[in-house]
Structure formats: C-alpha cells, structure tokens
There are 2 protein chains.
Amino acid sequence: MSRSKRNELLEKALIAFNRGGYYAVGMDRLVKETGISKTSMYKHFKTKEDLIEAVLRLRDEKFRGWLVGRIDSLAQDPVGRLLAMFDALDEWFHTKEFRSCMFIRASSEYPDSNHQVYKVSAEHKRLILNYVTGLAQQAGVEDPILLAKQLLLLKEGAIVTAHMLGPDGVQHTAKEAAKTLIYASLKKAPTPLAESIPQSAPDA
Amino acid sequence: MSRSKRNELLEKALIAFNRGGYYAVGMDRLVKETGISKTSMYKHFKTKEDLIEAVLRLRDEKFRGWLVGRIDSLAQDPVGRLLAMFDALDEWFHTKEFRSCMFIRASSEYPDSNHQVYKVSAEHKRLILNYVTGLAQQAGVEDPILLAKQLLLLKEGAIVTAHMLGPDGVQHTAKEAAKTLIYASLKKAPTPLAESIPQSAPDA
DNA sequence: AAAGAAGTTGACAGATCGGTACACTTTCCA
DNA sequence: TGGAAAGTGTACCGATCTGTCAACTTCTTT
C-alpha cells in the first residue's frame with residue numbers, strides 16, 4: 001500500500017471509529033466509509049485490531065501535536081501554559097466531532113491491561129502527563145509531579161464530563177480549579193519564580 | 001421471570017459486562033456466564049440493550065448506595081465527607097473487579113447522545129453531582145456549585161486515571177487537590193462554618 | 001511498452017451476532 | 001393433584017462479523 005493510501009485509510013478509519021466506536025464499526029462499514037478495499041486493508045494490517053492500534057498511534061501524534069502547539073500559541077509562560085491547556089481542551093470539546101477521548105474509549109472497549117489497544121492508550125496518557133510535568137517543573141511550583149498529576153485528573157475529568165454532561169462550563173470549572181491548585185503550589189514554592197505571583201487569590 | 005431470577009440475571013450480567021464490555025459480551029456468552037436461558041432473558045427484556053439499560057440502573061443504585069453509605073461511615077462533617085469520597089473511591093480502585101466506571105464505558109461504547117444507554121449513564125453522573133453539591137452546600141463553601149463540579153472533575157479524572165495508569169497514588173493526588181480546592185473555597189466563604197478551619201494550609 | 005506493484009471487486013468461509021420458536025421440564029399455587 | 005406460570009435446551013433464522021481468495025484493473029517504474 002502506498003504511504004498516501006495507508007494514511008488516507010488511517011485518517012478515515014479514525015473518523016469512523018471516533019463516531020461509532022471500535023467494536024460497533026466493522027470492516028465492511030470501514031470499506032464503505034473509506035473507499036478502500038478490504039484486501040488493501042489486510043495487506044497492510046494483519047488484523048482489525050492492528051488497524052485500531054495504528055489509528056490510535058496516529059491520533060496520539062496528531063492530538064499531542066495539536067495540544068502542545070495550541071498551548072504554545074495561547075500562552076508563553078509555563079503557568080499560563082498550564083492554564084491554557086484547558087482553553088485548548090475547550091475548543092476541542094465544542095467541535096462537533098468531540099465524543100470523549102479515543103483513548104479513554106479504547107481502554108473502555110478493551111479493558112484488559114494485557115491488550116495492546118489498552119497499552120497504546122495508557123502510553124498516550126503517560127506522554128501527556130510527562131509533558132504537563134515538564135510545564136509544571138518550568139513553572140517552578142513546589143511539587144511539580146503532584147501538580148501535574150492533579151492537572152491531569154482535571155483534564156481527564158473535564159473530557160469525561162464534557163462528553164457525558166455537555167461541554168458548556170466545563171472549561172471554566174476546570175480552569176478555576178487549576179488556578180487554585182497552581183496558585184497554592186506556587187505560594188509554597190521556594191524558587192524566585194513564585195515571587196512574580198501576586199499575594200492575592202487567583203482571578204475570579 | 002420471578003423477581004429473584006431477574007435480579008440474578010442482572011447481577012451476573014453486570015459482572016460479565018464490567019469484565020468484558022457491552023459489545024464484546026454477546027447473548028450466548030451471557031447465557032453461559034449467568035446460567036439463565038436466552039428464552040428467559042427475552043421474556044423480561046425486549047432487547048440486549050434493554051438488558052444493558054437495566055444493568056446500568058442496578059449499578060447506579062448499588063454504586064450510589066455504597067458510595068453515600070461508605071462516605072457517611074468514613075466522615076461525619078460535610079468537609080470530611082467531601083474528602084472521604086476519594087478514600088471510598090480508592091477502595092473501589094483497588095478491587096480486582098475495578099475496570100473504570102461502567103457508565104463512562106457505556107457512554108464510550110454508545111457515544112450517541114440520543115441513545116438510551118448514553119442517557120442513563122449521563123443521569124447517573126448528574127445524580128452524583130447533585131449529591132456532592134449537597135455536601136458542598138452543607139460545608140458552607142463560597143460557591144458550592146462550582147466546588148462540587150470541580151470535585152466531580154477530580155472524581156471522574158481519578159477513575160479514568162486509575163484504570164489507565166493504575167490505581168496507586170491516585171487517591172492521594174485527588175484528595176490533596178480536593179483539600180486545596182475546599183480550603184480555598186472555605187477561606188472565601190462568608191458563613192460562620194468557615195471559621196472552624198485553621199488559617200494554615202491544608203494538612204501535608 | 002512491458003513488467004511489476006498496488007489496488008479493486010465480488011465471492012466466499014467459518015464463526016458469531018441478536019433474536020425467535022418450540023417442545024419439554026420444573027416450580028408454584030389453589 | 002393438577003393446571004398455570006416460569007424456566008430450560010436446542011435448533012434455527014437472517015444478518016453481520018473478520019479474514020481470505022482469485023481474477024481483474026490501475027498505477028508506477030524501468
């Protein structure tokens with residue numbers, strides 16, 4: 001399969017799986033929605049689950065690329081970037097394609113921790129945590145590892161809540177919480193960076 | 001179907017769906033794992049999805065009953081109860097049956113918001129939010145609705161993270177964040193209840 | 001232009017899917 | 001005790017599932 005054909009398959013399969021779910025969308029439906037023959041698919045992917053794994057890897061690459069780039073363009077300082085993550089997420093929540101996180105869903109449909117689909121999903125989350133930990137370290141907070149994990153909880157909670165209860169207000173709720181946590185962690189931080197933070201509460 | 005037989009079916013179906021997923025576990029597998037004939041199942045549930053809905057309703061009842069009861073036994077004051085929610089969740093995270101939340105998974109496998117399975121899942125989350133809002137109101141925080149939503153984000157994030165990255169440490173991360181949020185909200189609260197909080201930071 | 005690579009089409013295999021039907025067995029109750 | 005209710009077991013239906021195959025078409029490269 002040419003690289004462009006393979007990429008086209010993965011892009012279109014990603015859309016189909018996001019819309020309908022991994023189990024619910026079968027190979028015949030994929031043929032219809034991608035316009036690529038089943039024989040071609042099986043030339044490049046040994047099984048349907050191999051295809052799903054490749055789709056998740058593509059999604060990981062695209063999502064993390066988008067998230068980091070979007071955050072970088074929304075804010076320039078580390079603290080600003082930690083908060084900007086929730087602004088970026090909010091943009092995603094309000095797209096019409098938004099249906100929770102493909103990795104949360106993959107680990108839901110494939111809950112067995114020995115399964116490759118689950119492992120790829122878990123790896124995605126670890127990579128995001130690493131990135132946020134880096135921002136937290138740059139921000140000079142007292143416990144960047146703890147803060148990063150907490151912000152990740154807010155992020156995952158925001159995703160699930162936006163999908164199950166609707167996206168409106170989720171960004172505000174999460175961002176206010178993030179501010180409080182970051183502020184609290186900065187107040188205790190021993191580094192000079194913290195001195196740039198006003199001694200008042202976070203903005204209302 | 002007698003009430004006891006129906007309940008037995010729902011209990012065993014709940015276990016099967018939790019372990020393997022709603023789509024992945026078919027009716028023939030359910031027959032094997034519940035010991036109840038397919039004819040009996042279809043006497044009481046028009047479709048497989050009706051059965052799934054009933055399973056989710058049972059799970060909602062059991063889980064919320066357990067959560068409220070567990071929280072009540074872990075703490076007596078509203079602030080303590082808000083924090084105790086994360087201790088209760090941690091117990092659940094470390095059970096061998098834990099595989100994320102059945103409602104998160106249901107809304108993942110049935111992402112269409114018009115679908116009944118999705119609706120039952122969303123309703124479950126609203127009921128939990130209502131309960132936590134009640135605790136936050138009793139706690140006398142400045143903005144109980146916002147705090148409750150934030151604690152819900154932490155709760156949902158904790159569930160997803162415990163499933164995808166393992167349960168260890170999640171309770172601590174979430175509870176510390178909850179303490180910070182509650183403390184910050186109490187410091188601003190105009191009610192006399194807040195005066196019982198020491199003017200120092202939350203416990204380390 | 002020709003050969004090889006890549007892809008398509010349609011049929012197929014074997015399995016599984018949700019759901020139904022029917023003959024039978026077991027349980028319950030008057 | 002007997003009839004009704006409830007449940008079981010098995011076969012079956014039509015549809016769909018993943019995956020394979022063969023004959024063919026299209027594209028690419030030499």
Side-chain angles (χ1 to χ4, degrees), chain A residues 1-56 58 105-106 108-112 114-118 120, chain B residues 1-56 58 105-106 108-112 114-118 120:
Chain A
M1 184 180 282
S2 67
R3 176 164 235 98
S4 63
K5 202 68 162 178
R6 182 183 189 277
N7 284 351
E8 183 187 354
L9 168 61
L10 291 182
E11 295 279 0
K12 289 178 171 174
L14 190 155
I15 294 170
F17 285 135
N18 183 56
R19 183 181 299 144
Y22 302 99
Y23 264 95
V25 173
M27 296 304 284
D28 285 335
R29 173 100 156 271
L30 278 184
V31 166
K32 280 176 188 152
E33 297 195 12
T34 65
I36 292 168
S37 72
K38 203 189 289 184
T39 304
S40 280
M41 293 180 185
Y42 281 104
K43 256 183 186 164
H44 235 72
F45 300 101
K46 196 170 186 308
T47 66
K48 180 186 177 185
E49 286 176 12
D50 280 356
L51 172 60
I52 292 173
E53 183 185 333
V55 160
L56 288 174
L58 172 68
R105 292 172 66 187
S108 290
E109 296 200 42
Y110 295 90
D112 181 4
N114 291 320
H115 204 289
Q116 188 64 10
V117 166
Y118 173 100
V120 171
Chain B
M1 186 180 282
S2 68
R3 176 166 235 99
S4 63
K5 203 69 162 174
R6 182 182 187 279
N7 285 349
E8 184 188 352
L9 168 60
L10 290 182
E11 295 278 358
K12 288 177 171 174
L14 190 154
I15 293 168
F17 285 136
N18 182 56
R19 184 182 296 146
Y22 301 99
Y23 266 95
V25 173
M27 296 302 285
D28 285 332
R29 173 98 156 270
L30 278 184
V31 165
K32 279 175 187 154
E33 297 195 12
T34 66
I36 293 169
S37 71
K38 204 188 289 185
T39 306
S40 281
M41 293 180 186
Y42 282 103
K43 260 185 182 162
H44 236 72
F45 300 102
K46 198 172 186 308
T47 66
K48 179 186 179 185
E49 286 177 11
D50 281 356
L51 172 61
I52 291 174
E53 182 184 334
V55 161
L56 287 174
L58 171 68
R105 292 172 66 187
S108 289
E109 296 200 42
Y110 295 90
D112 180 4
N114 291 321
H115 204 290
Q116 187 65 9
V117 167
Y118 174 99
V120 171

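In what follows, chains are A, B, ... by sequence order, proteins preceding strands, each numbered from 1. Being a predicted model, the structure only gives us computed values, none of them experimental.
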By side chain to side chain contact (heavy atoms under 4.5 Å, CB included), which residues pair with B:Gln116, not counting sequence neighbours?
B:Glu53, B:Arg57, B:Lys119, B:Val120
Aromatic ring pairing A:Tyr23/B:Tyr23, orientation class (parallel under 30°, perpendicular over 60°, tilted between)
parallel
By side chain to side chain contact (heavy atoms under 4.5 Å, CB included), which residues pair with A:Ala16, not counting sequence neighbours?
A:Val25, A:Leu30, A:Glu33
B:Leu9 CG to D:dT8 C1', in whole Å, measures 14 Å
Would you say B:Asn7 and B:Leu58 make side-chain contact, with heavy atoms under 4.5 Å?
no
Distance, rounded to the nearest Å, where A:Arg6 contributes CZ and D:dC27 contributes C1'
20 Å
Would you kindly give the CG-to-C1' distance between A:Leu30 and D:dT18, to the nearest whole Å?
12 Å
Would you tabulate the nitrogen or oxygen pairs shorter than 3.5 Å linking the protein to nucleotides 17-21 of chain C?
residue, atom, partner, partner atom, Å
C:dG18, OP1, B:Lys48, NZ, 2.6
C:dG18, OP2, B:Met27, N, 2.6
C:dG19, OP2, B:Tyr42, OH, 3.0
C:dG19, OP2, B:Lys48, N, 2.6
C:dG19, N7, B:Lys38, NZ, 3.3
C:dG19, O6, B:Lys38, NZ, 2.9
C:dA21, N6, B:Thr39, OG1, 3.0

Looking at B:Ser40, I'd like to know whether one of its side-chain N or O atoms comes within less than 4.0 Å of OP1 or OP2 on D:dT8.
yes
Under the side chain to side chain contact (heavy atoms under 4.5 Å, CB included) rule, collect the residues that match up with B:Thr39, sequence neighbours excluded.
B:Ser37
Those residues at least two apart in sequence (or on a different chain) that pass side chain to side chain contact (heavy atoms under 4.5 Å, CB included) with A:Ala54 are A:Arg6, A:Leu10, A:Phe45
Stepwise, does the side chain to side chain contact (heavy atoms under 4.5 Å, CB included) test hold for A:Asn18 with A:Arg105?
CA-CA 9 Å; A:Asn18 183 56; A:Arg105 292 172 66 187; 3.5 Å; yes
Could you state the atom-to-atom distance from NZ of B:Lys43 to C1' of C:dC22 in whole Å?
12 Å
Estimated bend of the helix from C:dA1-D:dT30 to C:dA30-D:dT1 (axis per five terminal pairs, rounded to 10 degrees):
20°
Nearest atoms (heavy-atom pairs only) where A:Glu109 meets A:Tyr22:
OE2-N, 3.0 Å
Rounded to whole Å, the CD-P distance (B:Glu8 to D:dA6) equals 16 Å
